Amino acid sequence: MESYLDNSATTKPCKAAVEAVAEAMTTTFGNPSSLHNHGFAALKLLEASRAAVAKSLSAEPREIYFTPSGTVANNTAIFGAVMQNRRAGNRVVTTAIEHPSVSVCMDRLEEQGFEVVRIQPDKAGHITPEQFEAAITENTILVSLMAVNNEVGTILPFDKIKEIIRRKKAPALLHVDAVQGYLKLPIVPKRCGIDLLSVSAHKIHGPKGVGALYINKGVRIKPYVLGGGQEEGICSGTQGMPAIAGFAAAVGAFGSTQENLKKVTALRDELLTLVSEIPGVQIHSPADALPYIVNLSLAEIPSQVSVNFLSMHGVYVSAGSACSKGHRSPVLQAMALDPKQIDSAVRISLSHETTKEEIEYCAQMLKEAVVQLRKKG
């Protein structure tokens, strides 16, 4: 049996997405900028796809800009906002548990002379609105935070930040990295006062190679990726139509956010019940985390040893973020966990397509890993 539980790294493309990709590659293969029938057909597909992604966020199609990935969406939002706003201040507020596609941008901003404030989490990964209240000043030009942490599943207070920005009379734009939360939480940017929001297709059973950036229609940022002016100049480069078509198809096939959340919560709870019977297992994800992500440690067993053992038995998990391979997790370090716990942590990430049998098999193999690997140690 196989149990694929590394869905925070990537999901298996759904049938609808695969079919849409193939159709765009073989039939609607034109460049949407070309002024002939094949170009017009591709442009029609592009705009239909844009409308589908917009609808999923209760946004307008003109507020959605396609990018080659969630990383490019994050970079475009961060550098675009700072370049647009730099005369209004010098302070940027973020958190210490961001994805590298945000945290490395913050390192670059510091090199350029910006003041970057990284809010620290507690041991469960929680960060409170009050911490943002203390960090945001009249000199703040950007606040950037994730909706859901990609390693432990903590939900950040992204829906409370715009009110704080207004109360502090800051000129800051609010950017939310929603790559892990998109369609898994009911996120409506306009309702939360979000100015910029990043999403990605391959976390929701779409293809790799495409993301999108929501930009509130009243917001202006400076383009970061320059070239031929595609996507209204926000992200130049010929649009990857097969991936974009697959993205839209995956959105359409994803189903109800609330129903999926209910199903995945039951699967997560079953997993926690089963692993609680295994000696030496410690759960790092808080009880109120997004149930799609469970981070735990198998005491005395290095993370990669556990991952390798499980993989040999058809269970696929990760040692943390797929983007921090080979390095001790900055997220778990920021949570001030014991180094031994960090070095033995694994991330189990679910999908609404995950089955009860996969959960049970994973728990069985975790138990077997503890028996065999600790005996060898």
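Any value given below was found using the heavy atoms of this structure, including those in side chains, with hydrogens, waters and symmetry copies removed. For clarity, every value in this text was computed on a predicted model and none was experimentally measured.
- In this structure, S34 contributes its side chain and G39 its backbone to no donor-acceptor pair below 3.5 Å.
- Using a 4.5 Å cut-off on side-chain heavy atoms (C-beta onward), N295 and L332 make contact.
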L156/E98 under side chain to side chain contact (heavy atoms under 4.5 Å, CB included): CA gap, chis, key distance, verdict: CA-CA 11 Å; L156 276 66; E98 296 300 313; 4.2 Å; yes
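- Side chains of E2 and Y316: a donor-acceptor N/O pair is present below 3.5 angstrom, by distance only.
- With sequence neighbours excluded, no residue satisfies side-chain hydrogen bond (donor to acceptor under 3.5 Å, both in side chains) with R268.
- Side-chain atoms of S297 come within 3.5 Å of backbone atoms of Q341 as a donor-acceptor pair (strictly under, hydrogens ignored).
- No donor-acceptor distance shorter than 3.5 angstrom exists from the side chain of K222 to the backbone of G80, with no hydrogens or angles considered.
- Residues L196 and Y214 form no side-chain contact, since every pair of their non-hydrogen atoms from C-beta on lies 4.5 Å or further apart.
- Using modelled atom types, one side-chain atom of K168 and one backbone atom of E133 make a donor-acceptor pair closer than 3.5 Å.
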Pair D195-R220, salt bridge (Lys or Arg N to Asp or Glu O under 4.0 Å): steps then yes or no: CA-CA 9 Å; D195 299 304; R220 297 289 178 268; over 6 Å; no
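- Between the side chain of T11 and the backbone N or O of H202 there is at least one donor-acceptor pair closer than 3.5 Å.
- Side-chain atoms of N139 come within 3.5 Å of backbone N or O of N90 as a donor-acceptor pair.
- Counting heavy atoms from C-beta on, the side chains of H99 and D177 come closer than 4.5 Å.
- Residue pairs satisfying the side chain to side chain donor-acceptor pair (under 3.5 Å) criterion with at least one member in residues 49-64, sequence neighbours excluded, are listed as follows: E47-R50, R50-E231, S56-Y182, E60-R62, E60-K217, E63-K190.
- Taking every heavy atom of both residues into account, A243 and P207 meet most closely at O-CG, 3.4 Å.
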Steps toward side chain to side chain contact (heavy atoms under 4.5 Å, CB included) verdict (T140, V143): CA-CA 8 Å; T140 304; V143 178; 4.0 Å; yes
Worked verdict on I215 versus L213 for side chain to side chain contact (heavy atoms under 4.5 Å, CB included): CA-CA 6 Å; I215 305 178; L213 178 62; 3.9 Å; yes
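- Taken to the nearest 0.5 Å, the CD1 atom of I78 stands 10.0 Å off from the OH atom of Y224.
- Among all heavy-atom pairs drawn from A319 and Q304, the shortest one is CB-OE1, 4.0 Å.
- Side chain to side chain, E360 and Q364 fail the donor-acceptor criterion of an N or O pair below 3.5 Å.
- In this structure the side chain of L296 reaches within 4.5 angstrom of the side chain of V346, judged on heavy atoms.
- Residue Q180 holds its CD atom at 5.5 Å from CG of N150, rounded to the nearest 0.5 Å.
- Heavy atoms of other residues, nucleotides or ligands lying less than 6.0 angstrom from CD of E259 number 12 at most.
- The neighbour count for R87 CZ, taken as heavy atoms of other residues, nucleotides or ligands under 6.0 Å away, does not exceed 12.
- When ring centroids are compared, H352 and F254 come within the 6.0 Å threshold.
- Looking at E270 and T273, their side chains never bring a donor and an acceptor atom within 3.5 Å of each other.
- A donor-acceptor distance shorter than 3.5 angstrom exists from the side chain of E358 to the backbone of T355, with no hydrogens or angles considered.
- Using modelled atom types and a 3.5 Å distance limit, the side chains of Y4 and D6 yield no donor-acceptor pair.
- Under the 4.5 Å side-chain criterion, counting only non-hydrogen atoms from C-beta, P32 is in contact with L46.
- Between the OG1 atom in T95 and the CG atom in N149 there is a gap of 7.5 Å [rounded to 0.5 Å].
- Ring centroid separation for the pair H36 and F40 does not come in under the 6.0 Å cut-off.
- Side-chain contact check for S329 and E151: at least one donor-acceptor pair (N or O, by modelled atom type) lies under 3.5 Å.
- Residues T257 and L185 are not in side-chain contact: their nearest non-hydrogen atoms beyond the backbone lie 4.5 Å or more apart.
- If you take CD1 on I301 and OG on S306, they are separated by 4.5 Å, rounding to the nearest 0.5 Å.
- Considering only heavy atoms from C-beta on, Y292 stays 4.5 Å or farther from S8 through its side chain.
- Between the OH atom in Y361 and the CG atom in L366 there is a gap of 11.0 Å [rounded to 0.5 Å].
- A side-chain N or O of N74 and one of H175 form a donor-acceptor pair less than 3.5 Å apart.
- Taken from CD in Q120 to NE2 in H126, the straight-line distance is 15.5 Å, to the nearest 0.5 Å.
- I164 places a side-chain heavy atom less than 4.5 Å from the side chain of P129.
- In summary, the side chains of H205 and N7 do not present any donor paired with an acceptor at a separation below 3.5 Å, with no hydrogens or angles considered.
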Verdict with supporting geometry, L373 and V305, side chain to side chain contact (heavy atoms under 4.5 Å, CB included): CA-CA 8 Å; L373 297 176; V305 173; 3.8 Å; yes
